[in-house]
Amino acid sequence: YHSSYDPENSASHYTFLPDQPDSGHRKSLKIISGIFLSSFLLLSVAFFPILNNQSPDLQSNSRSPPPSRGVSQGVSDKTFRDVVNASHISYAWSNAMLSWQRTAYHFQPQKNWMNDPNGPLYHKGWYHLFYQYNPDSAIWGNITWGHAVSKDLIHWLYLPFAMVPDQWYDINGVWTGSASILPDGQIMMLYTGVSDDYVQVQNLAYPTNLSDPLLLDWVKYKGNPVLVPPPGIGIKDFRDPTTAWTGPQNGQWLLTIGSKIGKTGIALVYETSNFTSFKLLDEVLHAVPGTGMWECVDFYPVSTEKTNGLDTSYNGPGVKHVLKASLDDNKQDHYAIGTYDLTKNKWTPDNPELDCGIGLKLDYGKYYASKTFYDPKKQRRVLWGWIGETDSESADLQKGWASVQSIPRTVLYDKKTGTHLLQWPVEEIESLRVGDPIVKQVNLQPGSIELLHVDSAAELDIEASFEVDKVALQGIIEADHVGFSCSTSGGAASRGILGPFGVVVIADQKLSELTPVYFYISKGADGRAETHFCADQTRSSEAPGVAKQVYGSSVPVLDGEKHSMRLLEDHSIVESFAQGGRTVITSRIYPTKAVNGAARLFVFNNATGASVTASVKIWSLESANIRSFPLQDL
């Protein structure tokens with residue numbers, strides 16, 4: 001931004017300098033019938049030029065590209081490489097900057113690398129989270145199952161490792177798995193192991209003492225592996241078993257495992273009665289050409305009538321089923337809503353144009369490998385997701401950690417649209433709110449910005465709604481912005497008649513670093529308005545070697561609804577929820593100036609032809625208590 005913002009006059013006007021046009025584009029997929037046919041998904045992410053900074057902090061050609069991590073084991077590269085030339089440019093991060101990046105209320109280990117959430121469950125008063133962990137370094141490798149417990153999904157206690165790679169069938173990694181809880185309370189944990197010859201196999205583990213609320217001790221089944229890749233499936237294309245659900249026959253359980261045939265993503269289905277012997281069913285649960293390898297498949301019911309979650313085995317009237325796949329090719333979590341025929345074991349999307357992998361995403365930002373579980377305590381379905389880093393590997397090694405888990409989210413069917421899920425932070429996060437909220441209503445004229453005075457702008461819970469001038473909204477047609485896309489728009493610097501407008505987070509006083517989260521309304525010649533929800537990281541940091549792109553998507557805004565958002569801001573992570581959670585964006589940001597008390601919060605309207613009234617509530621959040629379980633109590 002080139003800003004005329006005056007700290008003494010916070011309702012100043014400001015002007016945006018246009019970004020250079022980006023070359024990113026997204027080509028649409030068409031469905032091609034037949035499981036052995038495939039189409040190509042062409043994706044390119046829009047990247048914008050970093051600020052011209054000749055600071056001595058920049059050290060060019062001082063590093064060679066980091067090696068690939070995970071490719072030989074059968075997964076895509078775990079090293080973040082999405083920034084042009086990032087591996088050849090480093091930044092002299094200070095310890096204060098790196099310390100600031102660590103979150104205050106998101107779950108993360110004390111140190112080192114973490115990725116996928118695994119086997120979440122509720123047992124005897126405790127929520128359990130298992131997670132992919134490298135005990136040796138802040139980079140991917142030596143994958144072990146970390147373990148933590150909580151009474152409220154917010155404050156966590158680290159426990160000893162649940163499983164380590166110590167058998168021939170998992171010596172190269174104890175990978176992702178899911179928990180299935182049987183009617184008698186038995187817990188069956190199926191997980192993917194990478195064998196000594198790098199074959200992906202499925203294994204069974206279970207707790208040795210179900211009366212232990214902490215589930216400290218786990219034993220691996222002596223007959224492992226219980227599943228190996230079937231004929232026609234690659235030895236590195238067979239992973240991540242789901243939670244099982246009851247089948248149509250008495251005592252029968254079904255589960256699905258992600259895979260691919262060619263470029264067609266598929267969900268294989270197995271049946272079992274004892275979790276030690278399995279039969280592969282003839283038909284797949286679902287397949288989508290052109291989507292590539294399906295990882296971390298999730299499959300669960302949602303109620304179309306009630307506001308509570310459903311157990312994984314629930315089926316019947318008033319129920320839809322969600323199929324989610326993490327696409328290995330583009331590292332994003334896609335989902336679709338449809339109907340599941342238990343007898344035929346087939347899932348059919350409600351809308352083929354919004355099929356899994358080509359339609360909606362759980363999160364349009366940095367979010368992957370998500371997994372849900374049914375919480376019987378509060379009768380809700382809870383969603384976890386891995387939020388990786390978007391900085392350099394060298395910076396992660398310097399700070400000594402990498403990745404966090406998202407704030408757990410409840411998942412509901414959106415009865416108003418019938419097409420979307422609603423994701424929302426679990427209600428327990430509100431226990432971290434400190435005192436009464438700051439309440440502010442601001443009339444924002446075109447091209448204006450206003451500073452919102454808060455004690456600390458690094459740990460916030462923000463609720464904001466925006467009312468667009470009705471005369472402008474109803475009367476304006478902006479045909480040149482039909483086909484608007486957040487990722488190719490140029491960010492919040494690109495002005496239109498009806499947007500952008502929203503909130504600026506983690507900004508410094510002079511707006512040299514800032515991350516706008518905003519709405520943009522495009523309106524075509526037919527008079528129909530389409531709203532987009534975007535997060536612009538192009539000016540989030542003056543440091544090179546970090547991601548600086550624009551995330552986002554369209555979001556339905558129904559008649560009578562205001563444009564609303566909720567933001568959870570926690571140092572280097574911002575989780576943004578639009579319209580009650582119909583569209584969600586997670587951002588990782590690495591500022592150099594907006595840190596250690598210097599972070600500021602603004603509301604803005606950069607539209608050219610419409611005024612906007614912003615209503616904002618802001619709570620400061622205290623830190624969660626995340627620590628080791630007292631050794632004397634173990």
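Just so we're clear, the structure is a prediction, and the values are computed from it rather than from any experiment. If you read the sequence from its start, that first residue is 1, and numbering goes on from there.
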Under 3.5 Å, is there a donor on one side chain and an acceptor on the other for [X] and [Y]?
{"X": "His286", "Y": "Asp355", "value": "yes"}
{"X": "Asp536", "Y": "Tyr551", "value": "no"}
{"X": "His420", "Y": "Gln579", "value": "no"}
{"X": "Ser448", "Y": "Asn605", "value": "no"}
{"X": "Gln549", "Y": "Thr538", "value": "no"}
{"X": "Thr312", "Y": "Arg381", "value": "yes"}

Inset, instruction - Would you check, one step at a time, whether the test ring-ring contact (aromatic ring centres under 6.0 Å, His included) holds for Phe107 with Trp156? - result: CA-CA 8 Å; Phe107 178 81; Trp156 290 89; 5.6 Å; yes
Legend entry - Verdict with supporting geometry, Ile358 and His334, side-chain contact (heavy atoms from CB on, under 4.5 Å): CA-CA 7 Å; Ile358 62 174; His334 291 251; over 6 Å; no
Legend entry - Evaluation steps, side chain to side chain donor-acceptor pair (under 3.5 Å), between Asp298 and Tyr335: CA-CA 9 Å; Asp298 206 0; Tyr335 79 91; over 6 Å; no
Legend entry - Criterion side chain to side chain donor-acceptor pair (under 3.5 Å) on Glu295 and Tyr368, from CA distance to verdict: CA-CA 10 Å; Glu295 298 186 296; Tyr368 194 64; 2.4 Å; yes
[Y] side chain reached by [X] side chain, heavy atoms, under 4.5 Å:
{"X": "Thr291", "Y": "Asp329", "result": "no"}
{"X": "Val504", "Y": "Val603", "result": "no"}
{"X": "Lys151", "Y": "Tyr127", "result": "no"}
{"X": "Phe604", "Y": "Val503", "result": "no"}
{"X": "Trp294", "Y": "Leu327", "result": "yes"}
{"X": "Glu467", "Y": "Val612", "result": "no"}

Legend entry - Close aromatic pair by centroid cut-off 6.0 Å: Phe373 and Tyr122: no
Main-chain N/O of [Y] paired with [X] side-chain donor or acceptor, under 3.5 Å:
{"X": "Lys415", "Y": "Glu305", "answer": "yes"}
{"X": "Trp386", "Y": "Met114", "answer": "yes"}
{"X": "Asp461", "Y": "Leu621", "answer": "no"}
{"X": "Asp469", "Y": "Ala472", "answer": "yes"}
{"X": "Ser489", "Y": "Gly491", "answer": "yes"}
{"X": "Asp116", "Y": "Ala369", "answer": "no"}
{"X": "Ser150", "Y": "His155", "answer": "yes"}
{"X": "Ser615", "Y": "Ser465", "answer": "no"}
{"X": "Gln379", "Y": "Tyr374", "answer": "no"}

Inset, instruction - Specify the closest pair of heavy atoms between Glu561 and Pro556, including all atoms of both residues, with the distance to one decimal. - result: OE1-O, 4.2 Å
Legend entry - Closest approach of Cys356 to Ala336 (non-hydrogen atoms, all atoms of both residues): N-CB, 3.6 Å
Legend entry - Set of residues satisfying salt bridge (charged side-chain N to carboxylate O under 4.0 Å, His left out) with respect to Glu428, sequence neighbours excluded: Lys378, Arg380
Legend entry - salt bridge (charged side-chain N to carboxylate O under 4.0 Å, His left out) partner of Asp333, the single match among Lys361, Lys324, Lys371: Lys324
Inset, instruction - Check each of Glu427, Glu463, Glu459 against Arg433 using the salt bridge (charged side-chain N to carboxylate O under 4.0 Å, His left out) test, and report the only one that passes. - result: Glu463
Inset, instruction - Report the C-alpha distance between Leu129 and Gln405 in whole Å, list the side-chain angles of each, state the deciding distance to 0.1 Å, and finish with yes or no for side-chain contact (heavy atoms from CB on, under 4.5 Å). - result: CA-CA 10 Å; Leu129 174 66; Gln405 297 294 336; 4.3 Å; yes
Inset, instruction - Provide the full list of ring-ring contact (aromatic ring centres under 6.0 Å, His included) pairs with a residue in residues 559-599, sequence neighbours left out, each pair given once. - result: Trp100-His571, Trp424-Phe577, Phe501-His563, Phe519-His563
Within a 6.0 Å radius of atom [atom1] on [X], are there more than 12 heavy atoms belonging to other residues, nucleotides or ligands?
{"X": "Tyr314", "atom1": "OH", "answer": "no"}
{"X": "Lys377", "atom1": "NZ", "answer": "yes"}
{"X": "Lys440", "atom1": "NZ", "answer": "no"}

Rounded to the nearest 0.5 Å, how far apart are [atom1] of [X] and [atom2] of [Y]?
{"X": "Ile585", "Y": "Cys486", "atom1": "CD1", "atom2": "SG", "value": "6.0 Å"}
{"X": "Gln441", "Y": "Lys617", "atom1": "CD", "atom2": "NZ", "value": "12.0 Å"}
{"X": "Asp508", "Y": "Arg539", "atom1": "CG", "atom2": "CZ", "value": "13.0 Å"}
{"X": "Ile387", "Y": "Asp363", "atom1": "CD1", "atom2": "CG", "value": "7.0 Å"}
{"X": "Gln423", "Y": "Asp414", "atom1": "CD", "atom2": "CG", "value": "11.5 Å"}
{"X": "Gln101", "Y": "Glu389", "atom1": "CD", "atom2": "CD", "value": "7.5 Å"}

Inset, instruction - With salt bridge (charged side-chain N to carboxylate O under 4.0 Å, His left out) as the test, would you mind laying out the steps for Arg409 and Glu575 before giving the verdict? - result: CA-CA 11 Å; Arg409 305 170 184 174; Glu575 294 186 68; 2.8 Å; yes
Legend entry - Carboxylate-amine/guanidinium contact Lys523 Glu530, below 4.0 Å: no
Legend entry - Intermediate values then yes/no, side chain to side chain donor-acceptor pair (under 3.5 Å), Thr390 and Arg588: CA-CA 7 Å; Thr390 58; Arg588 294 304 308 272; over 6 Å; no
Legend entry - Audit row: His321, Phe299, ring-ring contact (aromatic ring centres under 6.0 Å, His included) steps and yes/no: CA-CA 7 Å; His321 273 76; Phe299 186 63; 5.1 Å; yes
Inset, instruction - List the steps and the verdict of side-chain contact (heavy atoms from CB on, under 4.5 Å) for Leu601 and Leu460. - result: CA-CA 10 Å; Leu601 179 71; Leu460 299 176; 3.9 Å; yes
Inset, instruction - Carefully, step by step, assess Arg566 and Ile462 under the rule side-chain contact (heavy atoms from CB on, under 4.5 Å). - result: CA-CA 5 Å; Arg566 183 180 180 186; Ile462 305 163; over 6 Å; no
Inset, instruction - Apply the test side chain to side chain donor-acceptor pair (under 3.5 Å) to residues Gln108 and Thr103: give CA-CA distance (whole Å), side-chain angles for both, the deciding distance (0.1 Å), then the verdict. - result: CA-CA 8 Å; Gln108 60 183 119; Thr103 62; 2.5 Å; yes
